[in-house]
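What follows is a set of notes on a single structure, which appears directly below.
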2 protein chains.
Amino acid sequence: MSQTAPARSAGNGRAGREAYDLAAVLNIAVAAFNDHGYEATSMGMLAQRLGTSKSAIYYHVSGKEDLLRLALDRALSELELVLTKEMARSGDAGDRLRFVLRGAVEVLVKDLPYVTLLLRLRGNTEVERQALARRREFDRAVAELVEQARDDGSLRADIDARTTTRLLFGMINSIVEWYRPGGPITPERLADDVISVAFDGLATAR
Amino acid sequence: MSQTAPARSAGNGRAGREAYDLAAVLNIAVAAFNDHGYEATSMGMLAQRLGTSKSAIYYHVSGKEDLLRLALDRALSELELVLTKEMARSGDAGDRLRFVLRGAVEVLVKDLPYVTLLLRLRGNTEVERQALARRREFDRAVAELVEQARDDGSLRADIDARTTTRLLFGMINSIVEWYRPGGPITPERLADDVISVAFDGLATAR
DNA sequence: TATAGTCTACTGAACGACCGGTAAGTAGTG
DNA sequence: CACTACTTACCGGTCGTTCAGTAGACTATA
């Protein structure tokens with residue numbers, strides 16, 4: 001199937017034969033979770049894609065849910081990092097919003113499979129619910145920026161702030177459903193286009 | 001769980017006791033598919049939500065995949081219907097695009113769970129792949145309207161037409177992830193806001 | 001009015017395949 | 001000889017599906 005190269009970590013000086021490292025297992029797992037959904041992905045399927053046995057996976061992680069937890073933590077940490085940067089914390093609210101949205105697009109492209117997994121969560125397990133709570137906190141922080149930009153007069157106020165935020169995220173998050181790195185559109189160009197469409201719309205400039 | 005009323009079809013004059021009809025089974029199934037994903041939803045879970053046994057479901061449908069096929073056909077038929085209407089087929093390309101987008105939002109709200117299911121497909125079975133092909137054909141028809149509107153000069157031409165179409169659908173399709181009928185925003189207002197944000201953007205009118 | 005037969009809409013048990021996870025053993029390396 | 005990184009074999013449980021049987025409502029005949 002859609003299997004990256006075996007990617008065994010060449011001898012690292014420790015005892016034992018050459019082996020998959022955690023990162024390789026995680027990459028395969030995230031790809032499989034995105035193809036079939038977390039619940040519907042079996043450990044047997046992961047083993048097949050890795051070219052090993054089910055039980056080999058249990059040497060690297062404590063179980064299926066552990067794989068999910070590690071993957072979601074990576075996506076969330078990268079997104080949260082954007083909010084801590086200087087340009088997200090001071091200056092004009094409109095500029096800060098643009099900076100955060102651009103940063104979100106960049107993270108989304110850089111860790112595409114991991115963020116894809118995060119965005120498709122339904123909250124059926126405790127791990128999923130905790131990740132969704134962290135994601136909601138990120139969304140809330142951006143929603144706050146939207147409200148400030150509205151108050152400053154740089155965002156239109158005739159549309160409900162929650163609706164605005166949701167449509168904004170809807171457009172950005174949809175990127176994971178169609179954008180593939182290596183195509184004609186660079187991540188920088190993509191971020192420019194998204195910000196431009198979101199703020200100025202699709203109609204010809206008046 | 002989130003179970004609609006048993007909704008048994010009151011005596012219809014035919015032989016046999018009162019019973020679930022196909023529509024009731026389908027509603028429960030679509031809700032469960034949306035909660036857990038199609039693959040991860042078991043027939044046992046459907047039986048539990050219906051308050052019957054697994055095998056009872058097989059009286060109404062030929063199997064799990066049949067439920068999926070019926071549900072996806074409903075969503076696709078409603079969307080395709082929008083394209084056949086007079087206002088989608090003649091007139092100014094910009095107006096036709098607006099009409100189709102508004103129609104898509106209305107279908108999406110009216111058959112929310114069914115369209116949600118359609119939008120979350122990953123193409124792992126033949127039924128899913130056929131539905132995705134029909135959905136791509138719908139998308140292609142809208143993309144054609146976008147190109148015509150560009151040529152007419154009513155849509156900006158500095159952004160790739162494919163990117164434009166995708167961001168447009170991204171925003172519209174995201175509605176299934178947060179909009180719930182019965183809230184403060186009416187479907188008509190929602191459609192207005194979506195069209196307005198898409199064409200004129202979020203920035204204050206210049 | 002009594003009863004036999006036909007139909008619908010199920011029930012409950014069982015099927016082989018596969019699920020996540022574990023236990024015990026071992027090949028290769030320092 | 002210790003340690004890493006596995007392997008094979010297996011566990012109880014659940015999966016989608018099938019099948020034989022049947023309760024209850026209807027109709028046809030006596």
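Letters A, B, ... are given to chains in the order of the sequence lines, protein chains preceding strands, and every chain is numbered from 1. Keep in mind that the numbers below use all heavy atoms, side chains included, and drop hydrogens, waters and symmetry copies.
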Using whole Å, what does the distance between atom P of nucleotide D:dC15 and atom CG of B:L46 come to? 10 Å

Interatomic spacing from CG in B:L119 to OG in A:S174 - rounded to 0.5 Å: 11.5 Å

B:E86 and B:R89 ion-paired at < 4.0 Å: no

Only counting residues at least two apart or in another chain, list the ones meeting side chain to side chain contact (heavy atoms under 4.5 Å, CB included) with A:R98. A:I195, A:F199

Nearest-angstrom distance from the residue atom NE2 of B:H36 to C1' of C:dC19: 17 Å

Under 4.0 Å between any heavy atoms, over every strand shown, what does A:S42 touch: base, sugar-phosphate, or nothing? Just pick one. sugar-phosphate

In whole Å, I'd like the distance from the CE atom of B:M45 to the P atom of D:dG13. 19 Å

Which residue, A:S55 or A:Y59, contacts DNA chain D at a nucleotide closer to its 5' end, judged by nearest heavy atom? A:Y59

For A:R129, the side chain to side chain donor-acceptor pair (under 3.5 Å) test, sequence neighbours excluded, returns A:E126

Could you list all the salt bridge (Lys or Arg N to Asp or Glu O under 4.0 Å) pairs where at least one residue sits in residues 175-192 of chain B, not counting sequence neighbours? A:R122-B:E177, B:R102-B:D192, B:R120-B:E177, B:R189-B:D193

Looking at B:Y58, does any N or O in its side chain come under 4.0 Å of the phosphate oxygens OP1/OP2 on D:dT17? yes

Is there a side-chain polar atom (N or O) of A:H60 under 4.0 Å from OP1 or OP2 of D:dC6? yes

Closest to the side chain of B:K54, out of C:dC10, D:dC6, D:dG16, is D:dG16

Whole Å only: how far is the CD atom of A:Q48 from the P atom of C:dC18? 10 Å

Who are the side chain to side chain contact (heavy atoms under 4.5 Å, CB included) partners of A:A143, not counting sequence neighbours? A:T165

Which residues in residues 63-72 of chain A have at least one heavy atom lying under 4.0 Å from any atom of DNA chain C? A:G63, A:K64

Among all residues two or more places apart in sequence or in another chain, which pass the side chain to side chain contact (heavy atoms under 4.5 Å, CB included) test with A:D111? A:R74, A:E78, A:Y114, A:V115

Using whole Å, report how far CG of B:L50 lies from P of C:dA9. 15 Å

At under 4.0 Å between heavy atoms, what does B:T41 touch on the DNA or RNA strands: base, sugar-phosphate, or nothing? sugar-phosphate

Report the nucleotide, chosen from C:dC10, C:dG20, C:dT22, that has the shortest atom-to-atom distance to any side-chain atom of A:M43. C:dG20

